[in-house]
Asker: 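There's a structure below that I have some questions on.
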Amino acid sequence: NVFTVILVLIYLLLTTVAVFLAYQTISDFMEKLNHPVMSVSYKEVEEFPAPGIALYPGKAQLLSCMHHYHDNIPPLVARDRLKERNCIKEEVIYHGPYSNQTQKRAVVVRGPTDVRNRELVFLQFSRNETEEDFSAISYMIFSKFSDMVK
């Protein structure tokens with residue numbers, strides 16, 4: 001008798017949980033019917049406005065800046081054989097918000113625009129004190145380079 005009562009209570013508990021979950025599912029479905037979400041459509045583009053890439057190089061120096069395509073990435077170039085830079089860049093001096101108004105430097109580069117040919121920007125940096133390579137640099141990407149110029 002005690003075992004039967006326990007089984008009936010477990011059955012009632014499971015039934016209650018099932019009814020609650022069914023109610024939640026139906027009410028969520030009805031809510032979604034009343035407030036449909038618009039679908040996002042995909043549209044392939046040939047070109048888009050150039051993004052801006054703000055680089056915070058610290059003590060590093062920008063040696064070269066070239067626009068290339070994904071299948072034609074050049075090897076590193078020695079300082080004495082650097083070619084002409086073919087990318088648009090601006091150097092910005094600003095006051096750091098957390099550094100007692102000391103001046104900081106940022107280099108803003110015009111990003112790639114040719115989507116179909118997978119254009120990329122190849123940047124080569126060097127540290128001022130040493131000739132060693134380094135692997136990390138702080139950066140920020142924003143939607144339009146022209147916004148920075150304005």
Side-chain angles (χ1 to χ4, degrees), residues 1-77 85-127 130 132-150:
N1 284 344
V2 173
F3 185 68
T4 306
V5 171
I6 291 175
L7 285 177
V8 169
L9 289 176
I10 291 174
Y11 174 76
L12 289 174
L13 179 66
L14 290 176
T15 304
T16 306
V17 169
V19 168
F20 176 74
L21 289 176
Y23 171 76
Q24 283 295 110
T25 304
I26 292 170
S27 64
D28 287 347
F29 180 73
M30 295 302 288
E31 182 71 24
K32 288 179 183 177
L33 282 178
N34 292 334
H35 303 289
V37 176
M38 294 183 66
S39 65
V40 176
S41 61
Y42 172 76
K43 180 182 176 186
E44 188 171 327
V45 295
E46 296 289 327
E47 290 190 358
F48 57 89
I53 306 167
L55 305 162
Y56 305 98
K59 295 182 180 180
Q61 178 185 9
L62 179 63
L63 295 179
S64 69
C65 173
M66 300 284 289
H67 285 259
H68 295 281
Y69 294 97
H70 78 285
D71 57 347
N72 184 22
I73 299 173
L76 291 177
V77 179
R85 296 177 181 166
N86 75 348
C87 65
I88 300 170
K89 71 176 187 72
E90 297 283 332
E91 189 154 337
V92 178
I93 305 294
Y94 66 98
H95 294 285
Y98 305 111
S99 58
N100 295 332
Q101 298 299 319
T102 58
Q103 287 189 343
K104 295 190 175 245
R105 178 175 72 102
V107 177
V108 182
V109 177
R110 183 178 178 270
T113 59
D114 189 357
V115 177
R116 179 151 320 271
N117 294 318
R118 295 185 231 168
E119 180 184 6
L120 55 92
V121 179
F122 186 80
L123 304 166
Q124 184 176 345
F125 288 90
S126 173
R127 293 287 304 243
T130 67
E132 295 178 12
D133 291 340
F134 62 100
S135 62
I137 191 163
S138 297
Y139 67 93
M140 176 182 71
I141 298 176
F142 53 97
S143 63
K144 290 184 184 176
F145 180 77
S146 59
D147 289 348
M148 194 278 307
V149 175
K150 289 178 188 175

Asker: In Å and rounded to the nearest 0.5 Å, what is the CG to CG distance from Asp28 to Leu33?
Answerer: 11.0 Å
Asker: Mind checking whether Ile10 and Ile6 have side chains closer than 4.5 Å, heavy atoms only?
Answerer: yes
Asker: Over all heavy atoms of both residues, which pair between Phe142 and Ile53 is shortest? Give the atoms and the distance, please.
Answerer: CE2-N, 4.2 Å
Asker: Hey, which of Thr15, Leu14, Leu21 is the one that makes side-chain contact (heavy atoms from CB on, under 4.5 Å) with Val17?
Answerer: Leu21
Asker: Tell me every residue that passes salt bridge (charged side-chain N to carboxylate O under 4.0 Å, His left out) with Glu91, counting only those two or more places apart in sequence or in another chain.
Answerer: Arg105
Asker: Using the test side-chain hydrogen bond (donor to acceptor under 3.5 Å, both in side chains), find all partners of Gln24 that sit at least two apart in sequence or belong to another chain.
Answerer: none
Asker: For residues Pro112 and Leu120, determine if any side-chain heavy atom of one lies less than 4.5 Å from a side-chain heavy atom of the other.
Answerer: no
Asker: Testing the basics here: between Arg110 and Val121, what is the closest heavy-atom pair and its distance to 0.1 Å?
Answerer: O-CG2, 4.0 Å
Asker: For Thr16 and Leu12, work out which heavy atoms get closest and say how close.
Answerer: OG1-O, 2.7 Å
